[in-house]
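Input: a single structure, listed below in structure tokens.
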Amino acid sequence: MTQAWPYPHIVAHRGGGSLAPENTLAAIDVGARHGHTMIEFDAKLAQDGQIFLLHDDTLDRTSNGWGVAGELSWDKLAQLDAGNWYSAAFKGERLPLLAEVAQRCRQHGMMANIEIKPTRGADEETGRAVAQAARLLWQGQTDPLLSSFSVGALAAAQAAVPELPRGLLLERWRDDWRALTEQLGCVSLHIAHQALTAERVQALKQAGLRILAYTVNRPERARQLLDWGVDCICTDRIDLIGADF
Ligand code: G3P
Ligand code: MG
């Protein structure tokens with residue numbers, strides 16, 4: 001890691017949490033309007049190597065397209081509507097390129113947690129490409145924190161751009177967390193909050209890891225986790241769990 005842990009306690013999930021269509025520029029604007037200073041979002045590759053934001057493997061849930069997004073080239077993806085599924089007020093919102101997201105974060109002075117979300121089978125390629133692009137796009141800004149459920153993607157990011165901080169994402173507790181995070185040179189563990197206990201938080205902290213808990217939507221639970229020593233709360237309720245929580 002090239003700098004001390006610079007990230008705030010609260011991170012807006014998918015840009016604007018539940019208040020905007022996830023992983024869009026409009027969501028980032030909503031996050032900023034609510035005073036948030038850090039966002040999380042999901043990045044993957046188009047068929048032609050362009051990096052854009054989408055959570056699912058397929059387009060069906062969060063756009064007017066269908067099928068596996070990573071099998072389409074950017075010129076096709078760029079035509080889709082990524083806002084109307086959420087509400088007519090966001091009709092016309094597009095899938096954003098990572099480059100556009102970096103620019104928007106810069107405009108708002110927001111930090112970023114880039115979740116590398118490879119299309120099935122594209123783990124290494126995606127990890128490498130996202131890390132290399134992030135290094136260039138976030139120049140002069142706080143380093144973006146890279147994270148992934150994919151060990152292959154994180155290993156490729158580590159090999160390509162070792163200086164960018166990495167976090168291992170886990171859906172549930174794993175007893176080999178120490179070996180995995182050491183092997184990947186991770187600064188943080190990002191884990192579903194249901195998997196955390198006060199004892200586990202202590203063990204992670206004693207190992208020198210920072211902890212991000214997702215997706216925490218109840219203020220009482222967010223308070224408990226912060227009291228235990230969790231460093232970051234990733235939330236959909238960006239209205240209830242504000243930047244100054
Ligand atoms: O990075 C935290 C969280 O976003 C991981 O889960 O499925 O919302 O991407 P998911
Ligand atoms: Mg995510």
Side-chain angles (χ1 to χ4, degrees), residues 5-24 26-43 53-56 61-62 86 101 105 108 110-117 142-150 154 165-175 177 180-181 186-245:
W5 181 259
Y7 308 114
H9 286 313
I10 308 297
V11 178
H13 190 221
R14 305 184 194 176
S18 52
L19 301 191
E22 63 188 59
N23 288 315
T24 61
I28 300 173
D29 293 344
V30 167
R33 271 208 296 283
H34 279 78
H36 286 277
T37 57
M38 184 163 178
I39 55 170
E40 182 267 1
F41 51 83
D42 307 293
L53 267 51
L54 188 75
H55 178 274
D56 300 357
R61 183 178 61 88
T62 58
Y86 178 89
V101 170
C105 286
H108 288 310
M110 286 172 121
M111 290 173 256
N113 169 200
I114 307 177
E115 185 189 335
I116 306 168
K117 198 76 127 177
T142 303
D143 281 345
L145 176 59
L146 306 180
S147 61
S148 192
F149 290 106
S150 164
L154 282 178
R166 287 172 300 285
L168 175 66
L169 260 162
L170 293 181
E171 261 182 296
R172 53 187 66 84
W173 187 256
R174 279 180 64 154
D175 287 332
W177 59 268
L180 268 178
T181 52
C186 289
V187 298
S188 51
L189 187 79
H190 302 204
I191 185 162
H193 76 90
Q194 297 88 344
L196 286 173
T197 62
E199 292 70 30
R200 287 174 175 176
V201 169
Q202 273 315 304
L204 294 167
K205 289 175 76 72
Q206 274 164 18
L209 285 167
R210 301 289 187 152
I211 306 161
L212 177 146
Y214 73 89
T215 305
V216 185
N217 294 331
R218 285 189 304 111
E220 318 82 77
R221 177 62 171 166
R223 180 57 58 207
Q224 180 182 50
L225 290 161
L226 290 170
D227 286 348
W228 285 350
V230 166
D231 297 279
C232 291
I233 298 292
C234 188
T235 185
D236 280 332
R237 291 307 307 266
I238 64 166
D239 47 347
L240 292 182
I241 303 175
D244 57 355
F245 182 78

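The structure presented is a predicted model; accordingly, all values stated were derived computationally and were not measured.
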Applying side-chain contact (heavy atoms from CB on, under 4.5 Å), run through N113 and C234 and close with a yes or a no.
-> CA-CA 10 Å; N113 169 200; C234 188; 5.7 Å; no
In sequence, state the C-alpha distance, the side-chain angles, and the governing distance for F149 and E171, and then conclude on side-chain contact (heavy atoms from CB on, under 4.5 Å).
-> CA-CA 8 Å; F149 290 106; E171 261 182 296; 3.8 Å; yes
Please report the C-alpha distance between T181 and L204 in whole Å, then the side-chain angles of each, then the deciding distance to 0.1 Å, and finally whether the side-chain contact (heavy atoms from CB on, under 4.5 Å) criterion is met.
-> CA-CA 10 Å; T181 52; L204 294 167; over 6 Å; no
Report the C-alpha distance between H36 and I10 in whole Å, list the side-chain angles of each, state the deciding distance to 0.1 Å, and finish with yes or no for side-chain contact (heavy atoms from CB on, under 4.5 Å).
-> CA-CA 7 Å; H36 286 277; I10 308 297; 3.6 Å; yes
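Within the 4.5 Å cutoff, side-chain heavy atoms of Y7 are placed close to those of L145. With contacts defined as side-chain heavy-atom distances shorter than 4.5 Å, the pair P8/M111 qualifies. Looking at F41 and I114, their side chains come closer than 4.5 Å, going by heavy atoms from C-beta outward. Side chains of Y86 and E22 form no contact here, defined as non-hydrogen atoms less than 4.5 Å apart. Looking at W5 and P165, their side chains never come closer than 4.5 Å, going by heavy atoms from C-beta outward. Residues F245 and L226 have side chains in contact (heavy-atom distance under 4.5 Å, counting atoms from C-beta outward). Residues I39 and C105 are in side-chain contact: their nearest non-hydrogen atoms beyond the backbone lie under 4.5 Å apart. Here the side chains of V201 and V230 are in contact, with some heavy-atom distance below 4.5 Å.
No donor-acceptor contact under 3.5 angstrom links the side chains of D42 and H55, judged on distance only. Checked by atom type, the side-chain pair D56/T62 shows no donor-acceptor distance below 3.5 Å.
One finds the CG atom of L169 at 8.0 Å from the CG atom of L154 (value rounded to the nearest 0.5 Å). Interatomic distance, R174 CZ to L180 CG, rounded to the nearest 0.5 Å: 4.5 Å.
Relative orientation of the W173 and W177 rings is tilted, given thresholds of 30° and 60° on the angle between their planes.
R237 is linked by a salt bridge (charged side-chain N to carboxylate O under 4.0 Å, His left out) to D239, counting only residues two or more places apart in sequence or in another chain. Every residue was checked against the ring-ring contact (aromatic ring centres under 6.0 Å, His included) condition with Y214, not counting sequence neighbours, and none meets it.
Summarising the geometry of I241 relative to V216, their closest heavy-atom pair is CD1-O, 3.4 Å, with the distance given to 0.1 Å. For V11 against E40, the heavy-atom pair with the smallest separation is CG1-N, 3.6 Å.
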